[in-house]
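Hydrogens, waters and symmetry mates play no part in the numbers below; they use all other heavy atoms, side chains included.
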Amino acid sequence: MSPSGRKMGEGRQQRGVPVWERLPLGGRRGSPRGMPGGGSRARAQRSLFGLLVHAWLWASSGSSAQVFNLSLSVDEGLPPDTLVGDIRAGLPAAQQQEGGGFFLSEDSDDSPLLDDFHVHPDTGIIRTARCLDREQRDHYSFVAATLLGAVVQVEIRVNDVNDHSPRFPRDSLQLNVSELSPPGTAIRLPGAHDPDAGLFSTQGYTLVQSSDLPKNPAGPFFQLRYGTPGPPPSLPLEPLDLVLLRRLDREELEAHELLIEAWDGGIPRRTGRLRVELRVLDENDNPPVFEQGEYRAVVREDAQPGAEVCRVRATDRDLGPNGQVHYSVRARQVPGTGGGSEPVGDAAYFTVEELSGVVRVRRPLDRETQAWHQLVVEARDGGAEPEIATVRVSIAILDVNDNPPTIHLLFLTEGGAARVSEGAGPGDYVARVSVSDADGDPEKEEDATGELGVGLGGGSISLSLEGGEGAFALQPGGPPGVFFLCVEGPLDRESRDLYELRLVATDAGSPPLSTVETLLLWVADLNDQPPHFTQEHYQASVSEAAAPGTAVVWVSASDEDEAGTDHSLLRYALVQLLAPCNPEALPPSAECEPSFTINPESGVISTIRTLDRETQETVELRIVAQDLGEPPLSATCLVTITVDDVNDNEPIFRRQVYNVTLAEHAPVGHCFLQVKASDADAGAYGFVQYSLYDGFQSDEAPPAFRIDPHDGQICVSQDIDRERDPATFDLLVKAKDGGGLSAQAFVRVELEDVNDNHPVFDPSTYVTSISGQTQPGTEIISVRATDRDSGTYGTVAYELIPGDLSSLFTIDSTTGIIYLTSSLSHLEPTTLFLMVCAQDGGGLTAAVNADITIHILQTALAPAEFERPKYTFSVYEDVPEDSPVGTVKARESLNSSEPIFYRISSGNLDGKFSIHPWLGTLRTQKPLDHETQPVAVLTVQAQLGSSPVCSSTEVNITIVDVNDNHPEFLTASDEIRISQTTPAGTAVYVARAEDKDSGLNGLIRYSIASQNPGIFTIDRGLGVVYLRGSLGAEVLQKHTLTLVAEDHGAPPRASLLMLTIVIEKPEQNPALTFENLVYQVEVSESLSLTTQILRIQAHPQHTTSQTMYSLEASVDAAAFGVHPYTGWMYLRRQLDYESTRTYRFRVFAGIPEDRSLQNVSASVIVHVLDENDNSPTFSRDVLFLKVEENPIPPGVIGKITAIDPDSGKNGQLSYFLLSDGKFFRINPNTGELIGWLALDREHQMHHQMTVLVTDHGSPPRNATMVVYITVTDINDNRPFFPQCLPGKELHIKVLEGQPVNMLVTTVFAKDLDEGSNAEVLYSISAGQRMIFKQEKQKFTKKQINKATFKF
């Protein structure tokens, strides 16, 4: 006991005893339990206190103090303040009555006595301070001392109560166990823990079987094994094992749900449960099992490789790879050509899908070769040591009627040939026919398979005869499949020498197959037909001038017996009959001897001597034709020969020359002359036919006339215009008789003029400039009008139409020269406009009058005048620079000695031409190119000295094409491939070259320069290369052709294209053949969609299946479509020549039913033809121009530009002015806008005109634009005084004696210019005494001296 202690009693001090504070036993002071530092300090205090108590007890009682023991117990879980015991019960009875209280000390260890119990300090009664838990603390120990020194050692044990159930570490558990685990295998399980002690702890385990599961008659699979509980303290019931009692089978049950219950020894007992899911792991303990012991299947012999035959199915109860079944065919292997192995036997024809077990055909079957197949199919699982099962698969091959019957012929005729004598009678044998079929009999087939309801074979064969037509028939020959071909009716070789018999053997299959054997049976000839002449009576004629040996007539007889035999070979003989003879006409010593003979083999009758029609006009002959048969047969005919007279007389015209006049525009069909020729011969020789020729040396008929070939009437065949056509026609008339003799006469037709043409001014507009000082009588300008009529009708008279100031001029009515009749000095510079009309001698006037513009200038010189209003020159495009083109010439006025200067005012945009300034010679300045600019239209002006007056003329220069461009191929070389089976005549390539030259220089002809061998040819005009011969025996695999494109120039130019043609060998199964390897077509861009443009055709060589066409997938081919069955190509998109001019793509042909045949292709080239589908467009909608006024025409002031995307004439543009053609003109070719007259701003400041551009298409397209021209000012007007007319004086009267600075008058001046050019300054001219002065800007006159002055 510790000597330290606490006095438990009243709180007073006693003598001789240390004073201690009394501590209540119901609680503790200091740090609460669990606070940091509190526990260690309390333990230190309690230890110190115990030492003090023990020291005190020892000191007070000496070493003889007694220690008493008191053991108490209390159940756990009782509520607080439960009585535990009394400390006094541990003292002797004598001391139990003593009072004074107790001192208490705890054990040396950390005892929670004062936390769990209340000890009364006076009575020593112990009660619980809270609900106790044995599992946290099962006993308490402390020492209590009385004041008298008695010490009680108190032990309090907490009695266990069954307040805890057994508890497993986890509520559920999953375990895996192999299904191959042997019985007795122990599976360790975690044990259950129960905090209670003794019997209240875990006492055992039980396997609880679910009530809803049936009991297994074989007994349980598992039992529990664990230790037995011993007396306390005992070890826990471990280890806990789950013991396997018998083998597991995953396939029957793949998981076991177990419920293990742990129980304690309390009453009632407490339990805890553990749910165990025991998953059985699969092992490869089951082999695959087929659903059937043997499989039987049938398959048609025409089944394609890959066709399904049957399906075998094996199952494996194992899981995963162990239960995954793989199928294969067990077969004996032989080494293959590729290094692998190939199955042999029945396994070579079938295969089985590894996973599905579907048995499929591997290669083509043939029932006739093998009707049954037996396979051994293996099923192998995926285990590490796989299990294998096998099954037999018996496959019956169903007969398909895939073998047509076979026909065998054995001729029974003489020599065994396919010939029968036409003398054969009915019933005579011709041939023995037997038929067979490799297919089986349907009934036997049904018996063999045991499952077929319909036979597929063709064992029963029928044989029929076609083409016998009553002459031949079939008769059965006894054994099945044997027949005899016999004669049924009479035969006549001459009626029919060949019978095309068709033996048709048809089996009984479904569908039936047939074999057709064509038999060409010839009928042998007998000499039973006599010769037969084509005519019974031949009539012929021969000229008496015929030379001996002349063939006269050919008689022909035929024998219907077989050609080439003696039965049909004929020989001819001639029998001379008595013929009338004119002895009087015989010359001396002449006789009527035979004149004809006959060729015995050909039957040609010819003369043997000279004939004389006058002696013998007609000869009759008898001809005999006899064959060479035995016996010979013959026939005769009559021949009459007339001796014709010779044509010894020519036709004779009555006149050799005919002169006739014909009014122009005579109606078509009007006959105006009849020529006549006669012939003294008779018959055909005297019959004359007429023909008409254009000109005396021509072989062509005149287009304007025709002649009746029989009566010689010459008539008008088309409208004749004397002004358009020649005024005189020289014709040649030929008369030919029936013998070919002819004569000719000449006809001259002179056209009489009628007044059908109006006079026409050319040009219709004239411009000139003259000086204001020109004297009357001066020739101003000459106008010219022409009338295409002649004589009086073509004579033109001119008349000046009255107008403003027209009286100043007169015109010569005959020459058209306009003269000045009055002085112009009184006129200011101005412009006069005259109009002249023209009238011919018939009273017709010009539809358009001539407009003459005359500029009156402040000059004494008249403008130079060109000799011609229009010049036309031509120059070759290859001339060197500075080559002369032509010379224009202008004449100066009589009163002028100034030189004339020439210049090109418009049309020379590129500066290709220049003109000598004073000689007027035009020369080339740059190289010319006909292909770029075939025509140049220049405007040339002539200026007299420094005078502002000028005149102009138009110069048309034609740039003549020379052969300066080679034809150009699109490529320098090309290669094509053709099949060796390509038939002759096939177009294999299209060569296309272009030549920029025109005319013959641009006309291309094609040829092949070298070829080896010459089996190709080319169309010289189209450039299409054709195959001329067959390629069947070709050794060369490649041909190289040099294609030449040559123009027609002199000398010609050419270019070459190297074409390589590769000959490809045909495939084993030749597919299709196009009619052409290259198709080329020209298509207008205006065609609507779906329009058919080209048909392509490909022909199969060995099949009649439908051919299907398609186009390649390309950009070019997208614009077109092709009908898949007809081959017609059509438009799918609208074509546009301006976007794409040529399309190139390939077309394919194939047979969908036969995929073994490869598709074939051909090239298609589509050339798009331009249509006038684009209107010209101007570069701008409105054009604003500014030009200074000038007394000289300004020339080119601007250029109008338009574009047209079309080509050729559709894109060729011409420009015209629709308004204001007086001051301005436009070059129709270049669009240059030309100032034609001098511009005067004061007269007209603004000009507006409309320009029309049109292309040359049909119909043409056009566009318009507006041009605004502003005339800017120059200082070209003098100020003038309106008060004083020109040439007049202004008189002002001033009274004398007026004061100085008096206003006399006010004058003002005007200036028609604008801006600074119109500002007027005033001054008084010097030379007079300054009597007047000027004020400011107004001309205000004031008197500065007293004088009289007259203005």
Side-chain angles (χ1 to χ4, degrees), residues 970-971 974-992 1016-1019 1021-1028 1030-1031 1059 1061-1064 1066-1067 1069-1135 1137 1140-1169:
L970 300 180
T971 179
D974 204 352
E975 180 178 300
I976 61 172
R977 296 177 179 269
I978 63 175
S979 173
Q980 194 173 12
T981 60
T982 304
T986 302
V988 298
Y989 188 76
V990 177
R992 188 177 183 88
F1016 297 96
T1017 183
I1018 190 169
D1019 188 300
L1022 301 178
V1024 180
V1025 179
Y1026 293 95
L1027 177 63
R1028 186 164 58 182
S1030 173
L1031 297 174
L1059 176 63
I1061 302 178
V1062 180
I1063 310 300
E1064 295 182 335
E1067 300 292 336
N1069 293 322
L1072 304 170
T1073 302
F1074 274 102
E1075 290 180 348
N1076 296 297
L1077 297 182
V1078 179
Y1079 289 87
Q1080 189 168 221
V1081 66
E1082 293 182 342
V1083 178
S1084 171
E1085 65 175 329
S1086 64
L1087 289 183
S1088 58
L1089 299 182
T1090 71
T1091 300
Q1092 294 179 346
I1093 61 172
L1094 174 65
R1095 188 176 189 183
I1096 55 176
Q1097 288 288 297
H1099 302 289
Q1101 298 183 5
H1102 301 290
T1103 180
T1104 59
S1105 301
Q1106 178 70 51
T1107 303
M1108 181 171 288
Y1109 302 94
S1110 62
L1111 300 181
E1112 70 173 345
S1114 65
V1115 177
D1116 282 4
F1120 305 92
V1122 63
H1123 193 281
Y1125 298 109
T1126 64
W1128 272 107
M1129 289 181 54
Y1130 58 89
L1131 291 183
R1132 294 181 58 190
R1133 296 181 182 175
Q1134 191 65 48
L1135 302 181
Y1137 172 86
T1140 305
R1141 300 186 179 185
T1142 303
Y1143 293 86
R1144 297 175 183 269
F1145 53 90
R1146 299 192 70 80
V1147 61
F1148 299 98
I1151 299 178
E1153 300 174 2
D1154 193 347
R1155 297 184 179 178
S1156 64
L1157 297 180
Q1158 296 182 352
N1159 290 348
V1160 294
S1161 64
S1163 298
V1164 178
I1165 303 174
V1166 179
H1167 299 286
V1168 182
L1169 300 181

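- Across S1110 and V1147, no two heavy atoms sit closer than the pair O-CG2, 3.4 Å.
- Partners of E1112 under the side chain to side chain contact (heavy atoms under 4.5 Å, CB included) rule, at least two apart in sequence or in another chain, are S1114, A1117, F1145, R1146, F1148.
- The backbone N or O of A1098 lies less than 3.5 Å from a partner atom in the side chain of Y1109, making a donor-acceptor pair.
- Partners of T1142 by side chain to side chain contact (heavy atoms under 4.5 Å, CB included), not counting sequence neighbours, listed by chain and number: R1144, I1165, H1167.
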Item to check | Pair I978-I1063, side-chain contact (heavy atoms from CB on, under 4.5 Å): steps then yes or no | outcome: CA-CA 5 Å; I978 63 175; I1063 310 300; 3.7 Å; yes
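- Here Y1130 contributes atom OH and R1095 contributes atom CZ; the two are 14.5 Å apart, rounded to the nearest 0.5 Å.
- Between the side chain of E1085 and the main chain of Q1134, no donor-acceptor pair closer than 3.5 Å is present.
- Considering only heavy atoms from C-beta on, Y989 comes within 4.5 Å of D974 through its side chain.
- In this structure, H1123 NE2 and I1096 CD1 are separated by 12.0 Å, a value rounded to the nearest 0.5 Å.
- Among all heavy-atom pairs drawn from F1120 and V1166, the shortest one is CZ-CG1, 3.8 Å.
- Considering all non-hydrogen atoms of both residues, M1108 and Y1125 come closest at CE-OH, 3.2 Å.
- Between atom CD1 of residue I1093 and atom OG1 of residue T1090 there is a gap of 11.5 Å, rounded to the nearest 0.5 Å.
- The CG atom of L1059 sits 10.5 Å away from the OG1 atom of T971 when rounded to the nearest 0.5 Å.
- Separation of atoms CD1 (I1151) and OG1 (T1107) is listed at 5.0 Å; rounding is to 0.5 Å.
- A donor-acceptor contact shorter than 3.5 Å is absent between the side chain of Q1092 and the backbone of L1131.
- Minimum interatomic distance between L1094 and Y1079 (heavy atoms only, all atoms of both residues): CD2-CB, 3.7 Å.
- L1027 and F1016 get closest at one heavy-atom pair: CD1-CE2, 3.7 Å.
- When all heavy atoms of A1119 and L1135 are compared, the pair lying nearest together is CB-CD2, 4.4 Å.
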